[in-house]
Amino acid sequence: MSERLRPIPTPPSQLWRQVRLQYLPVLVFVLGLVSAALIWNHWVAPPTLVGEAEAIRTELRSSQAGRLVGLEVDLLQPVTAGQTIGRVIVNEPSILEASLALVRAEIDMMLATKDPVVGQQRAALDLDRLHLDWMRSRADLAMLRGELHQAEITFTRAEQLHRSKMISDEEFDLARNARNTLADRVKANTELVTRLEPRLRDLTAAYAAAPTAAEGLDSAIKHKEQELKLLEAQLRPLPLIAPIDGVVTAMWRRNGESVGSAEPILQITATQTERIVGFLRAPVTIDLKPGMSVEVRTRTAQRRIGEATIARVGQQFEPISPTLLAAMRLPVSTIPTEMGLQVHVTPPAGLNLRPGEHVDLIIHP
């Protein structure tokens, strides 16, 4: 019997050709289907609606009309809640100085025309005289503070001009010396008022039971004291305090400009958002309710996904905002033609959404 012939081996190129023609197309097709399914589920799933991280903005205004000074912020500069951004001079120093001069003159007249008393009333009279001296010192201090404030403004302006070589050294020295002299006088008068106040308080307590020398004089003293308090309050600049943490995104007034009562000076935008706002267009096919689960997807290059819940649902159709119309690739016109049901969604903690950022919302009934 003849021997069986050895099979001829198939070349590797022939095997590869067989795999490439018979099995590789099937494998590529299956991998394509799996990849398409994954991409569709994780990247291209159509959103239920488009949302926008709400930008919280606040305008800083002055409660009284005046002149803006000491504005220390610029555009896109971060600020914190409670930070003093600037000040508003409510009344001009010259007007306050005239009012203080009138009060001083009236106090001097009261000192000159007060009738002397004898006996047990002299202590009360001395107490009134000390009270008037203390008030006159306060009036002098308030006037000096007004002059010092004006001198500081003049010195600041002179310092800028001197730095730019627009004024001479002598003029700059005059402005600086005037400021320093007024500062020393304010310091001295402050110490005098500080020394007189506890003494006046002790004498008032000691002679509280003593009869007043003249009831009319006491009434006049109280009246002038209230006038002094009012002038002292008007002399202090009105501070402008940031109400929220954020960034300065708009400025409508600069240092030295006059501002009106309740007139906006600058705008602060918060760096964190508190909710995502979306609009569900008609026809409404989902009965939205607070507490429903929502999948939030960002539109960044590296898409981030987070879980959230619906906080509130509107009860009426409202015009969709132009920014959301643009995000939904809808035509934007001056007359809103697209209406929707407003939906508020709590932002996921881990997404760190920027105010004004657009996201895709997928609602899970």
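It should be emphasised that the depicted structure is a prediction, and the values quoted were computed from it without experimental measurement. Along the sequence shown, the residues carry numbers beginning at 1.
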**Prompt:** So how far is it from Q342 CD to Q315 CD, rounded to the nearest 0.5 Å?
**Reply:** 11.5 Å
**Asked** Short question: side chain of T80, backbone of D245 - any donor-acceptor pair under 3.5 Å?
**Response** no
**Asked** Do the non-hydrogen side-chain atoms of D360 and T298 ever get within less than 4.5 Å of each other?
**Response** no
**Asked** Given V88 and L240, is the side chain to side chain contact (heavy atoms under 4.5 Å, CB included) satisfied, shown in steps?
**Response** CA-CA 7 Å; V88 174; L240 299 175; 3.9 Å; yes
**Asked** Has R176 got its NZ or CZ under 6.0 Å from the middle of the six-membered ring of F155, at an angle within 45 degrees of the ring axis?
**Response** no
**Message:** Does E59 have more than 12 heavy atoms from other residues, nucleotides or ligands lying within 6.0 Å of its CD?
**Reply:** yes
**Request:** For the pair R297 and E295, find out whether any cationic side-chain nitrogen is under 4.0 Å from an anionic carboxylate oxygen.
**Result:** yes
**Prompt:** Are L238 and V73 connected in the hydrophobic side-chain network, where two residues link if heavy atoms are under 4.5 Å apart?
**Reply:** yes
**Request:** Write down the atom of V50, the atom of L324, and the distance for their closest heavy-atom approach.
**Result:** O-CD2, 3.8 Å
**Prompt:** Can you check whether P319 reaches M339 side chain to side chain, under 4.5 Å on heavy atoms?
**Reply:** yes
**Prompt:** Is any side-chain heavy atom of L288 closer than 4.5 Å to a side-chain heavy atom of I310?
**Reply:** yes
**Asked** If only atom types and distance count, is the side chain of T273 paired as donor or acceptor with the main-chain N or O of E54 below 3.5 Å?
**Response** yes
**Message:** I want to check something: taking the side chain as every heavy atom from C-beta on, are R17 and L21 in contact at a cut-off of under 4.5 Å?
**Reply:** yes
**Message:** Any non-hydrogen side-chain atom of L361 less than 4.5 Å from a side-chain atom of V345?
**Reply:** yes
**Prompt:** Are the side chain of T84 and the backbone N or O of G86 linked by a donor-acceptor pair below 3.5 Å?
**Reply:** no
**Fill in**
Heavy-atom nearest pair, Q22 first then P25, reads C-CD, 4.2 Å
**Message:** Check this for me: Q77, atom CD, are more than 12 non-hydrogen atoms of other residues, nucleotides or ligands nearer than 6.0 Å?
**Reply:** yes
**Fill in**
For I276 and P347 the tightest heavy-atom approach is CD1-CA, 4.0 Å
**Prompt:** Is the backbone N or O of G291 less than 3.5 Å from a side-chain atom of T309, with the two atoms forming a donor-acceptor pair by type?
**Reply:** no
**Asked** Can the ring centres of F317 and F279 be said to be less than 6.0 Å apart?
**Response** no
**Message:** Quick check against the 3.5 Å criterion: does N255 have a side-chain atom that pairs as donor or acceptor with the backbone of L71?
**Reply:** yes
**Prompt:** When you look at T323 and H358, which way does the side chain to side chain contact (heavy atoms under 4.5 Å, CB included) test go after all the steps?
**Reply:** CA-CA 9 Å; T323 53; H358 292 138; 4.2 Å; yes
**Non-hydrogen side-chain atoms of I320 and R281 separated by less than 4.5 Å** = yes
**Item:** Separation between CD of E52 and CG of L353, rounded to the nearest 0.5 Å
**Value:** 11.5 Å
**Request:** Compare every heavy atom of A158 with every heavy atom of A175, then report the nearest pair and how far apart it is.
**Result:** CB-CB, 4.0 Å
**T300 side, atom OG1; L351 side, atom CG - distance, nearest 0.5 Å** = 9.0 Å
**Asked** For atom CZ of R185, is the number of surrounding heavy atoms from other residues, nucleotides or ligands below 6.0 Å larger than 12?
**Response** no
**Asked** Going through the distances and angles, do I89 and I153 end up as a side chain to side chain contact (heavy atoms under 4.5 Å, CB included)?
**Response** CA-CA 12 Å; I89 300 178; I153 295 176; 4.0 Å; yes
**Request:** Drop me the distance from T190's OG1 to K187's NZ, to the nearest 0.5 angstrom.
**Result:** 10.0 Å
Name every donor-acceptor pair, under 3.5 Å, that has one atom in a side chain of residues 257-267 and the other anywhere in the protein, sequence neighbours excluded.
residue: E257; atom: OE2; partner: R254; partner atom: N; Å: 2.7
residue: S261; atom: OG; partner: S63; partner atom: O; Å: 3.1
residue: E263; atom: OE1; partner: G260; partner atom: N; Å: 2.6
residue: E263; atom: OE2; partner: R253; partner atom: NE; Å: 3.1
residue: E263; atom: OE2; partner: R253; partner atom: NH2; Å: 2.4
residue: Q267; atom: NE2; partner: T249; partner atom: OG1; Å: 2.9

**Asked** Do P243 and I268 have side-chain heavy atoms sitting under 4.5 Å apart?
**Response** yes
**Request:** Decide yes or no for E152 and T154: does some side-chain heavy atom of the first lie under 4.5 Å from some side-chain heavy atom of the second?
**Result:** no
**Rounded distance [0.5 Å steps], CZ in R67 versus CZ in R87** = 11.0 Å
**Request:** Locate the shortest heavy-atom distance separating R304 from E357; write the atom from each residue and the value.
**Result:** NH2-OE2, 4.4 Å
**Prompt:** Could you go step by step and tell me if V248 and D74 meet the side chain to side chain contact (heavy atoms under 4.5 Å, CB included) rule?
**Reply:** CA-CA 7 Å; V248 178; D74 204 350; over 6 Å; no
**Message:** Taking I241 as the starting point, is it possible to reach L68 by hopping between hydrophobic residues whose side chains are less than 4.5 Å apart?
**Reply:** no
**Request:** Please check if I56 and L75 belong to a single hydrophobic cluster, counting links between Ile, Leu, Val, Met, Phe, Trp and Tyr side chain heavy atoms closer than 4.5 Å.
**Result:** no
**Message:** Nearest 0.5 angstrom please: E307 CD to I362 CD1, how far?
**Reply:** 9.5 Å
**Asked** Are I167 and L174 connected in a single hydrophobic cluster, I mean Ile/Leu/Val/Met/Phe/Trp/Tyr linked by side-chain heavy atoms less than 4.5 Å apart?
**Response** no
